[in-house]
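Here is the structure we will look at, set down as structure tokens.
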Amino acid sequence: MLALGVYNTLEILRDREPGIYLGDKDGNEVLLPNKYVPEEFEIGDEIRVFVYLDSSERIVATTLEPYAKVNSFAYLKCTSVSEIGAFLDWGLEKDLFVPFKEQASKMRVGSWYLAYVYLDEETNRLVASSKTNAFLDNSLVLLSSYDEVDLIASHPSPQGWNMIVNQKHLGLVYADEIFQKITPGDQIKGYVKKVRPDGKIDLTLQRHGFRGIEPNAQQILDELKANGGFIDLNDKSNPEDIKDVFQLSKKSFKKAIGALYKARKITIEKDGIRLLD
């Protein structure tokens with residue numbers, strides 16, 4: 001069966017006036033319109049396409065790559081609002097519909113929203129919801145401290161930034177551990193600090209302890225090489241200056257340059273650090 005809202009690898013069956021017809025192993029067929037047909041192809045070739053419903057609610061294939069697929073989150077722009085709901089640009093010809101009941105706040109044209117794409121079982125249509133918490137579940141978190149995770153910035157709170165973790169869970173990066181600018185929809189790497197008994201996830205954007213020294217040290221080495229081998233920062237520098245250049249806390253910076261010093265990669269001077277030959 002053709003799967004809506006995801007990529008399907010299908011066989012090219014025949015070439016007709018509106019485009020080429022593709023099929024799966026179960027005998028299901030879908031049209032790939034002429035505008036998306038590759039310049040060179042042969043009957044029997046396989047092609048990877050995204051399958052969704054067009055403006056006439058017909059199943060259709062495209063070689064365009066949407067900004068999100070079914071059962072995933074994305075930060076999307078509202079293109080229009082009608083009497084039945086709003087529509088988001090998700091990279092395809094037909095915009096993605098958001099019913100009024102699925103809007104956390106009334107959507108406005110030109111504004112951006114974090115939304116979840118799902119298949120409405122009643123209508124068999126791909127729709128979106130900005131009530132993102134309804135699609136996150138922390139009842140079973142199979143993560144451990146130090147695990148690297150994919151994060152999507154959801155929204156700020158007095159404690160820090162709420163993050164969507166691996167497209168499944170909700171986590172928090174505390175404000176005193178944020179050393180870079182974050183905006184809704186940002187996709188960044190993070191690390192698990194702790195999974196609490198109630199399933200809440202504490203996150204950090206820096207690696208823990210010794211695990212963080214190597215990547216931070218490499219960042220500093222790269223910056224030294226890009227600046228002629230010298231940077232006017234050291235372990236005595238102002239934390240804000242370190243944050244501006246490296247997006248690191250002073251503690252993480254000191255650990256990294258300490259590791260580089262022990263490895264005889266740098267010298268720590270009165271007015272900065274210098275790369276050794």
Side-chain angles (χ1 to χ4, degrees), residues 1-79 84-99 101-103 113-137 139-140 142 149-152 154 164-170 185 187:
M1 182 177 179
L2 296 171
L4 290 176
V6 296
Y7 293 97
N8 292 247
T9 300
L10 305 174
E11 180 183 353
I12 299 176
L13 301 177
R14 57 188 182 277
D15 185 8
R16 294 292 185 266
E17 184 176 345
I20 57 176
Y21 283 86
L22 313 175
D24 63 13
K25 295 179 180 179
D26 297 324
N28 300 297
E29 297 186 6
V30 64
L31 174 68
L32 179 66
N34 280 318
K35 66 180 74 176
Y36 305 123
V37 173
E39 291 185 5
E40 296 184 5
F41 67 89
E42 293 184 6
I43 302 301
D45 285 351
E46 288 191 336
I47 185 171
R48 182 175 179 265
V49 293
F50 188 83
V51 177
Y52 73 119
L53 299 179
D54 66 12
S55 56
S56 299
E57 304 301 330
R58 297 171 299 192
I59 296 178
V60 68
T62 179
T63 52
L64 295 176
E65 296 189 0
Y67 306 139
K69 57 184 181 179
V70 72
N71 300 329
S72 69
F73 297 88
Y75 197 54
L76 306 173
K77 184 178 181 179
C78 180
T79 56
I84 59 173
F87 295 85
L88 305 177
D89 175 13
W90 65 321
L92 302 181
E93 284 191 21
K94 180 188 176 184
D95 288 340
L96 187 62
F97 177 54
V98 187
K101 67 178 182 179
E102 292 298 334
Q103 297 177 28
Y113 300 92
L114 185 63
Y116 182 79
V117 183
Y118 68 98
L119 185 66
D120 186 334
E121 295 181 355
E122 292 184 6
T123 63
N124 199 39
R125 296 175 182 173
L126 292 166
V127 295
S129 172
S130 62
K131 296 181 177 180
T132 53
N133 282 359
F135 303 93
L136 298 170
D137 185 4
S139 61
L140 179 61
L142 301 178
V149 288
D150 293 317
L151 304 177
I152 301 176
S154 177
I164 293 172
V165 183
N166 289 348
Q167 297 275 349
K168 296 178 181 179
H169 312 299
L170 184 65
Q187 298 186 35

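What you see is a predicted model; the values in this text were computed from it and never measured.
Across every non-hydrogen atom of Ala128 and Leu96, the tightest pair is CB-CD2, 3.5 Å. When all heavy atoms are compared, the tightest approach of Val30 to Ala61 is CG2-N, 3.6 Å. Shortest non-hydrogen contact noted between His169 and Asp137 is ND1-O, 2.6 Å. What you find for Val98 and Gln103 is that their closest heavy atoms are O-NE2, 3.2 Å. The two residues Lys131 and Lys101 come nearest to each other via the heavy atoms NZ-O, 2.7 Å. Of all heavy-atom pairs spanning Val165 and Leu170, the tightest one is CG2-C, 4.3 Å.
The side-chain heavy atoms of Tyr7 and Pro66, taken from C-beta on, include a pair separated by under 4.5 Å. By the 4.5 Å heavy-atom criterion applied to side chains, Phe41 and Asp15 are counted as neighbours. At a threshold of 4.5 Å between non-hydrogen side-chain atoms, the residues Tyr67 and Asp89 count as touching. You'll find the side chain of Ile12 reaches within 4.5 Å of the side chain of Leu22, heavy atoms only.
The residue from Trp90, Tyr118, Phe87 that alone fulfils the ring-ring contact (aromatic ring centres under 6.0 Å, His included) condition with Phe97 is Phe87.
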Verdict with reasoning, Asn28 to Leu10, per side chain to side chain contact (heavy atoms under 4.5 Å, CB included): CA-CA 10 Å; Asn28 300 297; Leu10 305 174; over 6 Å; no
Test side chain to side chain contact (heavy atoms under 4.5 Å, CB included) applied to Leu119 and Leu126, step by step: CA-CA 5 Å; Leu119 185 66; Leu126 292 166; 4.0 Å; yes
Test side chain to side chain contact (heavy atoms under 4.5 Å, CB included) applied to Glu29 and Leu13, step by step: CA-CA 9 Å; Glu29 297 186 6; Leu13 301 177; 3.6 Å; yes
Side chain to side chain contact (heavy atoms under 4.5 Å, CB included) assessment of Phe135 paired with Asn71: CA-CA 9 Å; Phe135 303 93; Asn71 300 329; over 6 Å; no
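Considering OG of Ser129 and OH of Tyr113, their distance stands at 13.0 Å, rounded to 0.5 Å. Expressed to the nearest 0.5 Å, how far CG of Leu2 lies from CG of Asp26 amounts to 8.5 Å. Atom CD1 of Ile47 is separated from atom OG1 of Thr9 by 9.5 Å, given to the nearest 0.5 angstrom. Distance check, rounded to the nearest 0.5 Å: CD1 of Ile152 to OH of Tyr75 gives 12.0 Å. Atoms CG and OG, from Leu92 and Ser55 in turn, are 12.0 Å apart once rounded to the nearest 0.5 Å. Going from atom OH of Tyr36 over to atom CG of Leu31 covers 11.0 Å, rounded to the nearest 0.5 Å.
The main-chain N or O of Asp54 is found under 3.5 Å from a side-chain atom of Lys94 such that the two form a donor-acceptor pair. The closest donor-acceptor contact from the side chain of Ser56 to the backbone of Arg58 lies at 3.5 Å or more, if one exists at all. In this structure, the side chain of Asp150 does not engage the main chain of Asn166 through any donor-acceptor pair within 3.5 Å. Side chain of Thr62 to backbone of Phe50: no donor-acceptor contact under 3.5 angstrom is found. Side chain of Gln167 to backbone of Phe73: a donor-acceptor contact under 3.5 angstrom is found.
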